[in-house]
J.: 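Handing you a structure now.
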There are 2 protein chains.
Amino acid sequence: MATIKDVAKKAGVSISVVSRAFNNYPDINAKTREKIFEIAKELNYTPNIVAKSLSSKRQKTIGLIASGIFTENTKDTISFEILKGVYTGVQENDYELSIFLIDSFKQEQKSYAQFCRDRKIGGIIVQGIRTDDPYFHELMDTNIPCVMIDLATELDNQLIGSVTSDNFGASRELASYLLEKNHRDIVVMAGTKETYVNAERFKGTKSAFDSYGLELADEDVLYAEFSEHKAYLLAKKYLQVKRPTAFICYSDLMAYGVMKAVKEKGLRVPDDISVVGFDDLMVSDFTQPRLTTIRQDFFEMGKQSALLVQQMMEKKEGTKQKVVNCELMERDSATGWKEHIKEEEKSNEQTEHTNDYLTRYR
Amino acid sequence: MATIKDVAKKAGVSISVVSRAFNNYPDINAKTREKIFEIAKELNYTPNIVAKSLSSKRQKTIGLIASGIFTENTKDTISFEILKGVYTGVQENDYELSIFLIDSFKQEQKSYAQFCRDRKIGGIIVQGIRTDDPYFHELMDTNIPCVMIDLATELDNQLIGSVTSDNFGASRELASYLLEKNHRDIVVMAGTKETYVNAERFKGTKSAFDSYGLELADEDVLYAEFSEHKAYLLAKKYLQVKRPTAFICYSDLMAYGVMKAVKEKGLRVPDDISVVGFDDLMVSDFTQPRLTTIRQDFFEMGKQSALLVQQMMEKKEGTKQKVVNCELMERDSATGWKEHIKEEEKSNEQTEHTNDYLTRYR
DNA sequence: CTGTTAGCGCCTTCAG
DNA sequence: CTGAAGGCGCTAACAG
């Protein structure tokens, strides 16, 4: 375990020179610097991050605070994708990552702000935490730069950034997709009303309806709080009185619930009712039928968050709101309304071919 | 940001007393201790972990080194489960966790040992790294306690522990399950031969065959390196010449590949050929048909690893090899072999265990 | 039981 | 361009 001292001694300079060399200070003789690096390599020396973090003025560690990871549906692997993205972005510029996973069940939650102080965390990324979380507000009141994933920020706070999917655009595209296919009796299985992503998606849906001169009736908008089971129950109830031609769901999980309700009603997806989702979870490529949905690039969102928070930590200028594009994954759970009836009549045999193989290579 | 100094001053004691109070030293007056805690709470003080880690003799941070997370099949969410388990186990006892994700594609890998030194890591958990990784050996040569997940350890090194699934037992159960259902033409889609888990699973399979007086022919054991696509290709090729009644796959991913090959051959799963897997990935509950497989409890494995490495760091006695139980998930991809059932009906059950049988099916 | 005194390994003024 | 010196916040002997 070589320390900075060893390097300094062997190089015949003082430790402060070594330190400066390693931190890319400009005021070091090129030769000295070179020699130092040489010796460092020889001695297999790398700066101790802990000591560095303790003594240094500027923080180099980023905190990722994620909630709901333990309680969330196991089909839901979004947090992992985000984590991978964050890790990638953090590592790219030699920052350190410290993760803090919140379990909303456990009582003994610790203050996020304290978590940061104790670890000398200089910038943080929050994901999946609720805006009414008291610790969240405490955190916002610190002077630590913070980027939020999928959370709105009306506050014009220079210390707060955000990264989200293009919820509006994607949602608009999704609704348009159905509208183009002549669906007119559409019900929206929304998530949690107060939520930022929900609001954005709803705007997108409405915007698409607007373009067609259509309106969304209140009774055709259901709120299932992003829960598979609640969506199932709501859809089931709805189908007892009405028969729409399509469901737009604001999450894949809810789409699964809806599909279940539709099937239990003795109806077919998509022949009788089309169902589309939002997220593109892994499982959506394996449902029966495969779910047409919006793919969110969670990895990219994580990575962008890391990059953004670094930018803020380094006090560089730049936009503090990043939007990541989505992609419509056209699969088998939605079909044209009316047209498909004709199609079905003329070609019965073709259809069997499509659903057969589950395993596909991308 | 209150520091230990502030608390000491306000409490009218020296900082070392505060330090000792917080570290539960016995030689502190109960009243003093109480007062210190009181003031600490008042000042909202908690010890700075970085400073602690720098100055303390005993290390309190655990490293998780995981490989293959970025390159692995996206259906494969095993690493995430392990991570969650590790996090849980680490947090339970106020250790710190530092993660190190290796991307085998990237050239610029860093030394694991250095990673540990730089962070004052006192114990580490490795997952998914290959035994022929040079950095791995360097790590083993340090005096840092290390627990390996799903890796064998013949070495009787006091600094090395391991946590694995009960690969042998589960595999034996899996084969027995098929054997009981009268399958006799079974092919094994194995993983990577040199791998610990593969060897254990293979032993399990053989053990089950032994109990039935059967043997496994070499040509009926295929090695697909745990790859979905390779398994698909191997199965496809195999089916061109032979027609087994069942496939035992040493991973779910490979089972998907096999199912695909079976279906492409115009055969049905499980009516014509049964297929079973190992892992129980999320997707296995959604394949068509749903995959019968062995569920591994990766969360528990992660948690046990964390607990074990702590035990080693604290130099406590105890077993250094932990085995986590698996569970057979009986779903729809395997069924009884009908022709055998008929045969059996006419003949005596006793004959089943004779040598006749063995020769007949060799 | 408590205080004093060195560090842990590095960064960062401030002189020179 | 380089060196000396004083921390960062805490732990750990060692006296008292």
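Naming: A, B, ... by sequence-line order, numbering from 1 per chain.
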J.: For a quick check, tell me whether the side chain of B/T3 and the base of D/dG9 share a donor-acceptor pair closer than 3.5 Å.
T.: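 No.
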
J.: Can you confirm whether or not the ring centre of A/F298 sits under 6.0 Å from the ring centre of A/F80?
T.: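 No; A/F80 has its ring centre 6.0 Å or more from that of A/F298.
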
J.: Can you tell me how far C1' of C/dG9 sits from NZ of A/K57, to the nearest Å?
T.: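 Those two atoms, NZ and C1', are 17 Å apart.
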
J.: Over how many whole Å does the gap from A/L54 atom CG to D/dG6 atom P extend?
T.: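 Distance, rounded to whole Å: 18 Å.
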
J.: Return the value, rounded to whole Å, for the distance between atom CD of B/Q59 and atom P of D/dA12.
T.: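 So the two atoms are 11 Å apart, to the nearest Å.
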
J.: What is the nucleic acid contact for B/S53, judged by heavy atoms within less than 4.0 Å: base, sugar-phosphate only, or nothing?
T.: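 Since no nucleic acid heavy atom lies under 4.0 Å of B/S53, the category is nothing.
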
J.: May I ask you to establish whether B/K60 and B/Y95 are in a cation-pi arrangement, using a distance under 6.0 Å from NZ or CZ to the six-membered ring centre and at most 45° from the ring axis?
T.: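 B/K60 over B/Y95 ring: yes.
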
J.: For A/N48 and C/dC8, is the shortest distance between a side-chain N/O and OP1 or OP2 below 4.0 Å?
T.: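 The answer is no; no side-chain N or O of A/N48 sits under 4.0 Å from OP1 or OP2.
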
J.: Is the A/F115 ring parallel, tilted or perpendicular to the A/F100 ring (thresholds 30°, 60°)?
T.: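 The rings of A/F115 and A/F100 lie parallel, inter-plane angle below 30°.
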
J.: Identify which nucleotide among D/dA13, D/dC10, C/dC10 has an atom closest to any side-chain atom of B/I15, counting heavy atoms from C-beta outward.
T.: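 Among D/dA13, D/dC10, C/dC10, the one nearest the side chain of B/I15 is D/dC10.
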
J.: Categorize B/V13 for me: base, sugar-phosphate, or nothing, with a 4.0 angstrom heavy-atom threshold over every strand shown.
T.: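 Counting heavy atoms under 4.0 Å across all strands, the contact made by B/V13 is with sugar-phosphate only.
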
J.: Side chain of A/V17, heavy atoms from C-beta onward: which of D/dT2, C/dC10, D/dT11 has the nearest atom to it?
T.: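 Looking only at side-chain atoms, A/V17 lies closest to D/dT2.
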
J.: Calculate the interatomic distance between A/R119 atom CZ and D/dG9 atom P; express it in whole Å.
T.: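 Going from CZ in A/R119 over to P in D/dG9 covers 16 Å.
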
J.: Of the listed nucleotides (C/dT2, C/dT12, C/dC8), which one gets closest to any side-chain atom of B/K120?
T.: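 The closest nucleotide is C/dC8.
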
J.: Among C/dC10, D/dA12, D/dG9, which is the nearest nucleotide to the side chain of B/Y25?
T.: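 Among the listed nucleotides, the one closest to the side chain of B/Y25 is D/dA12.
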
J.: Expressed in angstrom and rounded to an integer, what is the separation of A/N29 atom CG from D/dG3 atom P?
T.: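 That distance rounds to 11 Å.
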
J.: Judged by each residue's nearest nucleotide on DNA chain C, which is more toward the 5′ side, A/R20 or B/R33?
T.: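 Comparing both residues, the 5'-ward one is B/R33.
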
J.: Can you check whether B/S56 has a side-chain N or O nearer than 4.0 Å to OP1 or OP2 of D/dA12?
T.: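 For D/dA12, OP1/OP2 do have a side-chain N/O of B/S56 under 4.0 Å.
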
J.: Closer than 4.0 Å, any side-chain N/O of B/S16 to the OP1 or OP2 of C/dT4?
T.: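 Checking B/S16 against C/dT4: no side-chain N or O falls below 4.0 Å of OP1 or OP2.
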
J.: Measuring from the side chain of B/I28 (C-beta onward, heavy atoms only), which nucleotide among C/dC10, C/dT2, D/dT2 has the closest atom?
T.: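 Comparing C/dC10, C/dT2, D/dT2 against the side chain of B/I28, the answer is C/dT2.
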
J.: Base, sugar-phosphate alone, or nothing: which one does A/V50 contact when heavy atoms must sit under 4.0 Å apart?
T.: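 It contacts nothing in the nucleic acid.
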
J.: Can a side-chain donor-acceptor contact be found between B/Q304 and B/E300 if the only test is distance below 3.5 angstrom?
T.: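 Note: B/E300 and B/Q304 side chains meet the donor-acceptor criterion.
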
J.: Rounded to the nearest angstrom, tell me the gap between atom NZ in A/K9 and atom P in D/dA4.
T.: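 Whole-Å distance recorded here is 14 Å.
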
J.: Under the 3.5 Å rule, do the base of C/dC11 and the side chain of A/S55 count as making a donor-acceptor pair?
T.: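 Absent.
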
J.: Any luck finding a side-chain donor-acceptor pair between B/T46 and A/D118 under 3.5 Å?
T.: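 Distance-only check passes for B/T46 and A/D118.
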
J.: How many Å lie between NZ on A/K52 and C1' on C/dC10, as a whole number?
T.: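 So the NZ-C1' distance, A/K52 to C/dC10, works out to 9 Å.
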
J.: Could you state the atom-to-atom distance from CD1 of B/I49 to P of D/dG9 in whole Å?
T.: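 So the CD1-P distance, B/I49 to D/dG9, works out to 14 Å.
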
J.: With nearest nucleotides of DNA chain C determined for B/G12 and B/A51 from heavy-atom distances, which residue corresponds to the more 5′ nucleotide?
T.: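 Result of the comparison: B/G12.
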
J.: Please determine whether a side-chain nitrogen of the Lys or Arg among B/E92 and B/K303 lies less than 4.0 Å from a carboxylate oxygen of the Asp or Glu.
T.: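 A salt bridge is present here (some side-chain N lies under 4.0 Å from a carboxylate O).
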
